[in-house]
Amino acid sequence: MSEMFCFQCEQVSNGVLCQNSKGACGKTADTSQAQDDLTAALIDLARVIQAQNRTPNANEVRLFVDGSFTCVTNVNFDDAVVAKMTAEVKAAITAAGGDAVLAGQATSAYDLNTLWTANEDIRSLKSLILLGMRGVAAYAHHAAVLGKNSAEVDNYFAVALAAIANPDLGLDVLIPMTMEVGQINLKAMEILYESNTGAYGKPAPITVTQTVEPGPFIVISGHDLHDLKLLLEQTEGTGVNVYTHTEMLPAHAYPELKRYPQLKGNFGTAWQNQQKEFDGIPAPILFTTNCLMPPRASYADRVFTTSVVAYPELSHIATGANGEKDFSAVIACAKALGGYAAPTTITGINGGTEVTTGFGHDAVLGVADVVIDAVKGGAIKHFFLVGGCDGAKTGRNYFTDFVKQAPADTVILTLACGKFRFNDLNIGNIGPLPRILDMGQCNDAYSAIQVALALAGAFECGVNDLPLSIVCSWYEQKAVAILLTLLSLGIKNILLGPSLPAFVSPTVLNFLVENFNIAPISTPEADLQKILG
């Protein structure tokens, strides 16, 4: 084995494998091994639960969810923190009487190298299951923070992770299981949608400035809306403003969040530009979930992490026994740094100074009659869902060019941080509808699915018969889970880019092509011609 075996993200070295002392994301070989050790412990816990023919208890569910989320790309770079969680998992195994259970099995402790060195097709399918469940864990984590969960989702962690260690499972079992992961992710996204809208109201369209006002401010990044709510509560009356970054942008659309006057606007673009955009920033940055890059010295002293996010020597805001968090250190840092002396605009990729968000399925279906009439009348000829993860790898300008070249009688649905490639463009309206409709965070793929199902119902056809094409960009494991969800719903003809996952073997890829007609992106011109021609 090499120093590191990691191929879970789109920017994997040489498109094949990160295998040396440092991965493309910046994690070290030691961190990669620590995460493999944590994953192996979670698999052993799952084996115990399955052998005992029971469902996981609340603590075990927490470990499955937070442990899996910890291993998602750009979440946790701190070996000590990962090792501590591994110890918690092993303690849970012992508490459940699992040591004796594992001792009675052929392998008493699972070694993740068993997966990495397996037959490539088995490795491919088991990797889809493992990485897909890491994506599910992210959404389950956010819902759990708000006190919501699904027993179906919780229980499936033990089922899926135990399957990773089962040497007797062939393609006939593993292929259907990947589709099950997709359905489990759909349920997780549904629970998270209900959690967010229940806590903060239903999103409504809003235009957000990218100009930062003078004075102290905080930039909040990641995905966790509850952390933002806590921060807004604690910054009230302090004179400190708050700006969202990347996947926190959709927070402006929620009534219970946008009512805080100190929630001023959005700072910057997608996650991969943070080292440039945060260079020397006169404000602290709070990372609530993944998308943390190794910080540069010019701003490392003002980066704070919370929840499962960690990086060596950065300040971490702990979570109390009842979920409370004290952001006073972040607020004090903002006051000390003072912010900008004059209004400062961090423009979008295309030079735009404002962006629009909040077109969740409630907002879109609220004007369904307008949309349906526009389709029937020929004003809208086609819908494109152009969304997913952004990243730094060459070729992602494809998505900008695709949107620019899409005909004027087409609508662009978008979500996740991939939208920052084009969401500051002004490509006009069709009637009262802007042609770019930002549906929200990556988990709001649930909203996109609901819109597609509603349109299919209105036109009395299947989703695959709609004038709707999906052009998906991916980077990490939440995108893997969403892709499996789309496939599990039978959605076909998805274009995926900028490259195909390195963990998908030729046999598995052939299955996806034959059954779902999934294909890699080519050029905007050729793909538009293929779709519309």
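Here the structure is a predicted model, which is why all the values come from computation and not from measurement.
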Going by the rule side chain to side chain contact (heavy atoms under 4.5 Å, CB included), which residues pair with [X] if we only count those two or more places apart in sequence or in a different chain?
| X | value |
| --- | --- |
| E525 | Q405, T523 |
| D66 | R62, M85, H141, V308 |
| K264 | E213, N241, Y243 |

Are side-chain N/O atoms of [X] and [Y] paired as donor and acceptor at under 3.5 Å?
| X | Y | value |
| --- | --- | --- |
| Q19 | S13 | no |
| T207 | E354 | no |
| Q272 | R396 | no |
| D224 | T289 | no |
| S195 | H142 | no |
| E10 | S499 | yes |
| E476 | N290 | yes |
| S221 | Q274 | no |
| E514 | N510 | yes |
| T269 | E277 | yes |

Between [X] (side chain only) and [Y] (backbone N and O only), is there a donor and an acceptor less than 3.5 Å apart?
| X | Y | value |
| --- | --- | --- |
| D444 | Q441 | yes |
| R421 | F399 | no |
| T209 | G265 | no |
| Q11 | G391 | no |
| N119 | D121 | yes |
| T414 | V386 | yes |
| D465 | G462 | yes |
| S447 | G360 | no |
| N464 | K492 | yes |
| T288 | H223 | yes |

Requested in this report: Let me see the working for Y254 and L225 under side chain to side chain contact (heavy atoms under 4.5 Å, CB included), right down to the final yes or no.
Outcome: CA-CA 10 Å; Y254 287 88; L225 300 181; 3.7 Å; yes
**Report entry** The single option from T400, N426, D424 passing side-chain hydrogen bond (donor to acceptor under 3.5 Å, both in side chains) against N350
**Finding:**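 When side-chain hydrogen bond (donor to acceptor under 3.5 Å, both in side chains) is applied between N350 and each of T400, N426, D424, only D424 qualifies.
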So do [Y] and [X] actually touch side chain to side chain, heavy atoms under 4.5 Å?
| X | Y | value |
| --- | --- | --- |
| V471 | Y398 | yes |
| L128 | V508 | yes |
| M133 | V136 | yes |
| V242 | L228 | yes |
| L489 | V463 | no |
| V208 | T356 | no |
| C442 | I482 | yes |
| L500 | L509 | yes |

Requested in this report: Show your working on side chain to side chain contact (heavy atoms under 4.5 Å, CB included) between I346 and T344 and close with a plain yes or no.
Outcome: CA-CA 7 Å; I346 312 297; T344 301; 4.3 Å; yes
Query raised in the report: side chain to side chain donor-acceptor pair (under 3.5 Å) with N493: which residues, sequence neighbours excluded?
Result: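 Here the qualifying residues are N517.
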**Report entry** Any residue meeting side chain to side chain donor-acceptor pair (under 3.5 Å) with Y200, in chain and number order, not counting sequence neighbours
**Finding:**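 Y200 satisfies side chain to side chain donor-acceptor pair (under 3.5 Å) with no other residue.
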Side-chain donor-acceptor pairs under 3.5 Å in residues 430-440, sequence neighbours left out?
from: R435; atom 1: NE; to: T410; atom 2: O; distance (Å): 2.7
from: R435; atom 1: NH1; to: I427; atom 2: O; distance (Å): 3.2
from: R435; atom 1: NH2; to: A406; atom 2: O; distance (Å): 3.3
from: R435; atom 1: NH2; to: P407; atom 2: O; distance (Å): 2.8
from: R435; atom 1: NH2; to: T410; atom 2: O; distance (Å): 3.3
from: R435; atom 1: NH2; to: T410; atom 2: OG1; distance (Å): 3.2
from: D438; atom 1: OD1; to: K419; atom 2: NZ; distance (Å): 3.4
from: D438; atom 1: OD1; to: G440; atom 2: N; distance (Å): 2.9
from: D438; atom 1: OD2; to: T357; atom 2: OG1; distance (Å): 2.7

Report task. Report the relative orientation of the aromatic rings in Y446 and Y193; use parallel for angles under 30°, tilted for 30 to 60°, perpendicular for over 60°. Result ->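 Ring orientation, 0 to 90° scale: tilted.
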Query raised in the report: Mind checking whether F5 and W116 have parallel, tilted or perpendicular rings, split at 30° and 60°?
Result: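 Plane angle under 30°, so parallel.
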Requested in this report: Could you name each residue pair satisfying salt bridge (Lys or Arg N to Asp or Glu O under 4.0 Å) that touches residues 176-204, not counting sequence neighbours?
Outcome: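 Matches after skipping sequence neighbours: K187-E190, K202-D362.
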Query raised in the report: Does the side chain to side chain contact (heavy atoms under 4.5 Å, CB included) test come out yes or no for I122 and L171, once each step is laid out?
Result: CA-CA 7 Å; I122 298 298; L171 273 62; 3.6 Å; yes
If you look at every heavy atom in [X] and [Y], which pair is closest and at what distance?
| X | Y | answer |
| --- | --- | --- |
| L495 | P520 | CD2-O, 3.9 Å |
| K27 | M4 | O-CE, 3.5 Å |
| L484 | G132 | CD1-CA, 4.4 Å |
| A143 | L192 | N-CD1, 3.7 Å |

Counterpart residues, ring-ring contact (aromatic ring centres under 6.0 Å, His included), relative to [X] (two or more places apart):
| X | value |
| --- | --- |
| F278 | H245, F267, Y299 |
| Y475 | W271 |
| F422 | none |

Report task. Would you give the length of the straight line joining atom NE2 of H226 to atom CG of N196, rounded to the nearest 0.5 angstrom? Result ->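 H226 NE2 to N196 CG: 11.5 Å, rounded to 0.5 Å.
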**Report entry** Under the salt bridge (Lys or Arg N to Asp or Glu O under 4.0 Å) test, residues paired with D227 that sit two or more places apart
**Finding:**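 Salt bridge (Lys or Arg N to Asp or Glu O under 4.0 Å) list for D227, sorted by chain: K325.
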Requested in this report: Test K229 against E256 for salt bridge (Lys or Arg N to Asp or Glu O under 4.0 Å), laying out the working first.
Outcome: CA-CA 9 Å; K229 180 67 160 56; E256 287 302 308; 5.8 Å; no
Requested in this report: Verify the neighbour count for atom CG of D369: are there more than 12 heavy atoms of other residues, nucleotides or ligands below 6.0 Å?
Outcome: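 Yes, the 6.0 Å shell around CG holds more than 12 heavy atoms from other groups.
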May I have the list of side-chain donor-acceptor pairs in residues 371-385 shorter than 3.5 Å, sequence neighbours left out?
from: H382; atom 1: NE2; to: S469; atom 2: OG; distance (Å): 2.8

